[in-house]
Asks: 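Structure provided below as structure tokens; questions to follow.
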Number of protein chains: 2
Amino acid sequence: MAVTIKDVAREAGVAVCTVSFAMNGSAHVAEETKKRIFDAIEKLNYRPNQSARGLVTKKTNNIGLVVEETAEGLENTILLDVIKGLGQALGKNNYDLLLSFQKPQSRKLDEHVLDVYRKQSADGLILMGTASSERPYEELVSKRFPFVLLGRPYQEKVCHSVNADNEQGAYDAVQYLVRKGHRRIALITPCSLEVDASLDRYNGYIRAMEELGDGFDESLVAIGSFDPDSGYAETEKLLSLKQRPTAIVAGRDVIASRVIEKAQALGYKIPDDLAVVGFDNTVVSQLARPSITSVELPMRSMGFEAASLLIKLIEGEIRYDDVQTIVLPCAIRERESA
Amino acid sequence: MAVTIKDVAREAGVAVCTVSFAMNGSAHVAEETKKRIFDAIEKLNYRPNQSARGLVTKKTNNIGLVVEETAEGLENTILLDVIKGLGQALGKNNYDLLLSFQKPQSRKLDEHVLDVYRKQSADGLILMGTASSERPYEELVSKRFPFVLLGRPYQEKVCHSVNADNEQGAYDAVQYLVRKGHRRIALITPCSLEVDASLDRYNGYIRAMEELGDGFDESLVAIGSFDPDSGYAETEKLLSLKQRPTAIVAGRDVIASRVIEKAQALGYKIPDDLAVVGFDNTVVSQLARPSITSVELPMRSMGFEAASLLIKLIEGEIRYDDVQTIVLPCAIRERESA
DNA sequence: CTGAAAGCGCTTACAG
DNA sequence: CTGAAAGCGCTTACAG
């Protein structure tokens, strides 16, 4: 049915292997022969069958990305940027992205990750999300199967990983506010501190506050959540402090928008009475009024770096044991709120 | 290196083909033998090599989704919902999603679409986006390669397609406002009318307005754009009409949020002085204050239906020539702005 | 009900 | 520099 390498060989009047050599550059082929071959390929619109190729080369030219059936990992807009970043690196290197979705019945994500490895349908894996499972890594590592953690806890340096520097992002946010003249700076965490990124931001905040010399005042920290209304109550609490903060670092943009609403409702002018810095630089920060100064996570770069690293691992440009831990800086996008 | 069907056969003490028969149910195997085989599979963690399987069955169990290098198609948050919907259907049926990114150099998306077909790395294709190219379809159709258009112009019923009923969505939005007592209802289109979805919404609006009996007043229509500030000027213009509208249907949520801001700045109360209905039901409509009543596009269902349809096509449950045109209804999510 | 064998479309030593 | 042949890991008629 489909055109095969045999058809090309016949059309060009050469042996099958010569076509293969010419296409892959795996042996020298006379210029003239080459031209005949490439003409035949173009004429017939020949593309090597990936399954046949994969069977012998043990390479699929696919990168796997596993997604939970509940799709929690897809919840955030941010994933789109990651995929774009992945795509840039992948397209450049001629890889495709294989998104594997869990079957509704099978509850164990770990097993599913292992399955895409066992089926050999990808040459490497990008593992992203917050879920920190240990088991799949073991089998993957022991079999030296290439994979890169993206935005996950980096397992004591035993796995290649790419992450955003959340700690530095929060630190910079405080520093930015200090430069604007603030000293009483509060933090609302993006969610519980059990989540890695949340803890990192918390730590960055503390480091910056301690450097300020006033010491760390626990009453200036509130724990936010994924509740869409998270930020209202925390703002009210923070602003009713005897020594109220003049600035708030909100762990996520949505929370920042709630902070602004509540503060405005209480009669505060933003940013004059209260400065607000958000996190994630999502569309929310652009649409809010006033627009929100926000710490941008380099999601696109993270995707790009993760895919580039994985490809180097696959192609042997980086040794498997030479564990890479890439941490990318966050940048502050200045807008009206601070 | 990896465990093969031979290993399983040896472990279970049967012939290779018996293992294959047992796994695929393609021939009867005695219960007892079956048990030995499945025990061996479990013990060895055997999973059939996808390339080998694909080579002989001519099936990859992959669905292709082509993405332009510029990733325009990925621009909207909405794609995430589509992917979730695709994933639901795919996971259930044991297919993976192959996202193929264009190489930076190759400028022709059409060729790239054809390449994933020619390489035989997917059993079918989901084509989404607004770009309407004709050429790839021809080759695909003539070779009877399964593909489904998602949110694209549906090419005079020659291609299977899944779409949202934008026309009805706009019609319903007007009807909804009429029920709230409005008659002077304006429309700001989501973008130029060259885009299919935009035109459909425009037509739905017109149909509803004409049914009202007051006839179609062109001055009540403004053409919006993708400019982030689109909506400001249009609102100003519409509200300065001698007979100003009491309600505005905004073609996108972002535009609706601009309408609200501008109207509020001009002293109008929402929804009392001016009712506003948005489109797309994005996070913007939830975060705006007042929150925005919005027409929801069934992106998740569209993804699910598109994948389900494609799988039926692939597996022969639907004849290739029995062209399916699935149009899914939009629903109005009532909030504060109307 | 089970086994031996051919073949899917490639790549890669191995000769010439 | 090019050709004939083996083999990758499966599935599927074909015998028994």
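Note on naming: letters A, B, ... go to the chains in the order of the sequence lines (proteins, then strands), and numbering restarts at 1 for each one.
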Asks: Looking at residues 11-19 of chain B, who's got a heavy atom less than 4.0 Å off DNA chain C?
Replies: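 When residues 11-19 of chain B is checked for heavy atoms under 4.0 Å from DNA chain C, the hits, listed by number, are B:Val14, B:Ala15, B:Cys17, B:Thr18.
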Asks: Among pairs that include at least one residue of residues 13-31 of chain A, which meet salt bridge (Lys or Arg N to Asp or Glu O under 4.0 Å), considering only residues two or more places apart or in two chains?
Replies: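 Non-adjacent pairs meeting salt bridge (Lys or Arg N to Asp or Glu O under 4.0 Å): A:Glu31-A:Lys34.
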Asks: Given pairs defined as Watson-Crick or G-U wobble with both distances under 3.5 Å, what dot-bracket annotation applies to DNA chain C, with ( ) intrastrand, [ ] crossing, | other strand and . unpaired?
Replies: |||.||||||||.|||
Asks: Hey, does B:Asp7 have a side-chain heavy atom less than 4.5 Å from the side chain of B:Tyr46?
Replies: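 When only atoms from C-beta onward are counted, B:Asp7 and B:Tyr46 do not touch, as no gap falls below 4.5 Å.
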Asks: Going 5' to 3' on DNA chain D, which nucleotide is the first and which the last to come under 4.0 Å of a heavy atom in chain A?
Replies: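 From 5' to 3', the first and last contacting nucleotides are D:dC1 to D:dG9.
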Asks: Assign each of B:Gln120 and B:His28 to its nearest nucleotide of DNA chain C by heavy atoms, then name whichever residue's nucleotide is nearer the 5' end.
Replies: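 Final value for this comparison: B:His28.
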Asks: If the plane angle is over 60° it's perpendicular, under 30° parallel, otherwise tilted; pick one for B:Tyr320 and B:His160.
Replies: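 It falls in the perpendicular class, over 60°.
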Asks: Can you sort out the partners of A:Lys35 under side-chain contact (heavy atoms from CB on, under 4.5 Å), two or more places apart, ordered by chain and number?
Replies: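 For A:Lys35, the residues satisfying side-chain contact (heavy atoms from CB on, under 4.5 Å) (neighbours in sequence not counted) are A:Asp39.
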Asks: For atom CD of B:Glu317, decide whether the heavy atoms of other residues, nucleotides or ligands shown that lie under 6.0 angstrom number more than 12.
Replies: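 Above 12, so yes.
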Asks: Got a sec, which residues hit ring pair (Phe, Tyr, Trp, His ring centres under 6.0 Å) with A:Tyr95, two or more places apart in sequence or on another chain?
Replies: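 Expected list: none.
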Asks: If we ignore angles and hydrogens, is there a donor and acceptor under 3.5 Å between the side chains of B:Arg53 and B:Asn24?
Replies: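 Judged by distance alone, the side chains do pair up.
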Asks: Between A:Glu305 and A:Arg300, is there a side-chain N and carboxylate O pair less than 4.0 Å apart?
Replies: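 Salt bridge: no.
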Asks: If you look at every strand shown and take non-hydrogen atoms under 4.0 Å, does B:Thr33 touch a base, only sugar-phosphate, or nothing?
Replies: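 Sugar-phosphate, backbone atoms only, no base.
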Asks: More 5' along DNA chain C: B:Ala30 or A:Lys6, using each one's nearest nucleotide?
Replies: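 Whichever sits nearer the 5' end wins; that is B:Ala30.
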Asks: Select base, sugar-phosphate, or nothing to describe what B:Thr4 touches, counting heavy atoms under 4.0 Å on all strands.
Replies: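 If one applies the 4.0 Å heavy-atom cut-off, B:Thr4 turns out to touch the sugar-phosphate alone, with no base involved.
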Asks: Indicate yes or no: does A:Glu138 engage A:Lys143 in a salt bridge with an N to O separation below 4.0 Å.
Replies: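 Judged by the 4.0 Å cut-off on N to carboxylate O distance, A:Glu138 and A:Lys143 do not form a salt bridge.
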Asks: Evaluate the side-chain contact (heavy atoms from CB on, under 4.5 Å) criterion for residues A:Val162 and A:Leu328: first the C-alpha distance (whole Å), next the side-chain angles of each, then the deciding distance (0.1 Å), finally the verdict.
Replies: CA-CA 8 Å; A:Val162 175; A:Leu328 298 173; 4.3 Å; yes
